[in-house]
Amino acid sequence: MIKKADIILAAALIVIGLAMSYFFSSGSSSGQELLVSCGGERFGSYSLLEDREIVIERNDHINKITIKNGIVSMNFSDCRGQDCVQQAGISKTGESIVCLPNQVVLEITGGSAEYDSISR
C-alpha cells in the first residue's frame with residue numbers, strides 16, 4: 001500500500017532531479033572555437049564567429065561541417081548510421097559531435113572554463 005510519506009518522497013526526488021538537470025544544463029557558456037580531429041590527429045580549428053563550410057576528405061570518406069550563426073552541425077557524412085548528421089547543432093563549450101565510422105570528432109572550446117571534476 002502506498003503511504004503519504006512515499007508520495008512526498010517521490011515528489012521531492014523528482015523536484016530535486018529537475019533542479020539538478022536545469023542547473024547542469026544552464027551552466028555551459030557559448031564556445032568560441034571549433035576543434036576538428038580526424039583519426040586522433042588535429043585537422044584544424046575554426047572560429048564560430050565566421051560562417052563557413054568545411055569539407056573533410058580522408059581515406060575515401062567525406063564529411064561536411066557547417067558553421068552558421070555560431071552553431072556547428074555535420075550536414076553530410078558517407079557513413080552508414082548517419083547519427084552524426086542527425087545530431088542537433090552544438091554551440092556550447094564542451095559539446096561535441098562524433099562520426100565514429102569516419103573517425104571525425106568536432107568539439108567546441110573557448111568561453112569560460114567548465115570543470116568536469118576536481119581532485120586532490
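Being a predicted model, the structure only gives us computed values, none of them experimental. Heavy-atom basis, side chains included; hydrogens, waters and symmetry copies ignored.
A donor-acceptor pair under 3.5 Å links the side-chain atoms of Ser47 to the main chain of Leu49, judged by distance alone.
When all heavy atoms are compared, the tightest approach of Gln87 to Ser96 is NE2-O, 3.0 Å. Across Gly81 and Gln86, no two heavy atoms sit closer than the pair O-NE2, 4.3 Å. Nearest heavy-atom pair, Ser73 versus Gly89, reported as atom, atom and distance to 0.1 Å: CB-CA, 4.2 Å. Across all their heavy atoms, Asp78 and Asp60 have their closest contact at OD2-O, 3.6 Å.
Of the candidates Ile54, Ile97, Thr109, Ile54 is the only one forming a side-chain contact (heavy atoms from CB on, under 4.5 Å) with Leu34. The side-chain contact (heavy atoms from CB on, under 4.5 Å) test with Cys38 is passed by exactly one of Asn59, Val104, Asn63: Val104.
Taking CD1 of Ile8 as the start and CG of Leu13 as the end, the distance is 12.0 Å to the nearest 0.5 Å. Interatomic distance, Gln32 CD to Leu48 CG, rounded to the nearest 0.5 Å: 8.5 Å. Interatomic distance, CD of Glu57 versus NZ of Lys64, reported as 8.5 Å (0.5 Å rounding). For the atom pair Ile67 CD1 and Tyr46 OH, the distance stands at 8.0 Å (nearest 0.5 Å). To the nearest 0.5 Å, the span separating OG on Ser77 from CG on Asp83 amounts to 10.0 Å. Remark: Thr93 OG1 to Ile108 CD1 distance equals 8.0 Å, nearest 0.5 Å.
For Leu100, the CG atom sits in a loose shell: 12 or fewer heavy atoms of surrounding residues, nucleotides or ligands are nearer than 6.0 Å. By the neighbour-count criterion of 12 heavy atoms within 6.0 Å, atom CD1 of Ile2 is sparsely surrounded, having that number or fewer from other residues, nucleotides or ligands. For Asp6, the CG atom sits in a packed shell: over 12 heavy atoms of surrounding residues, nucleotides or ligands are nearer than 6.0 Å.
In this structure the side chain of Val72 never reaches within 4.5 angstrom of the side chain of Glu95, judged on heavy atoms. Counting heavy atoms from C-beta on, the side chains of Leu35 and Arg42 come closer than 4.5 Å. Side-chain atoms of Arg58 and Gln103, non-hydrogen and from C-beta on, do get closer than 4.5 Å to each other.
If you chain together hydrophobic residues whose side chains sit under 4.5 Å apart, Ile65 and Phe43 fall into the same group. Note: the hydrophobic cluster containing Val55 also contains Phe76 (ILVMFWY, side chain heavy atoms under 4.5 Å, direct or indirect links). A chain of hydrophobic side-chain contacts below 4.5 Å, direct or via other Ile, Leu, Val, Met, Phe, Trp or Tyr residues, connects Ile90 to Val85.
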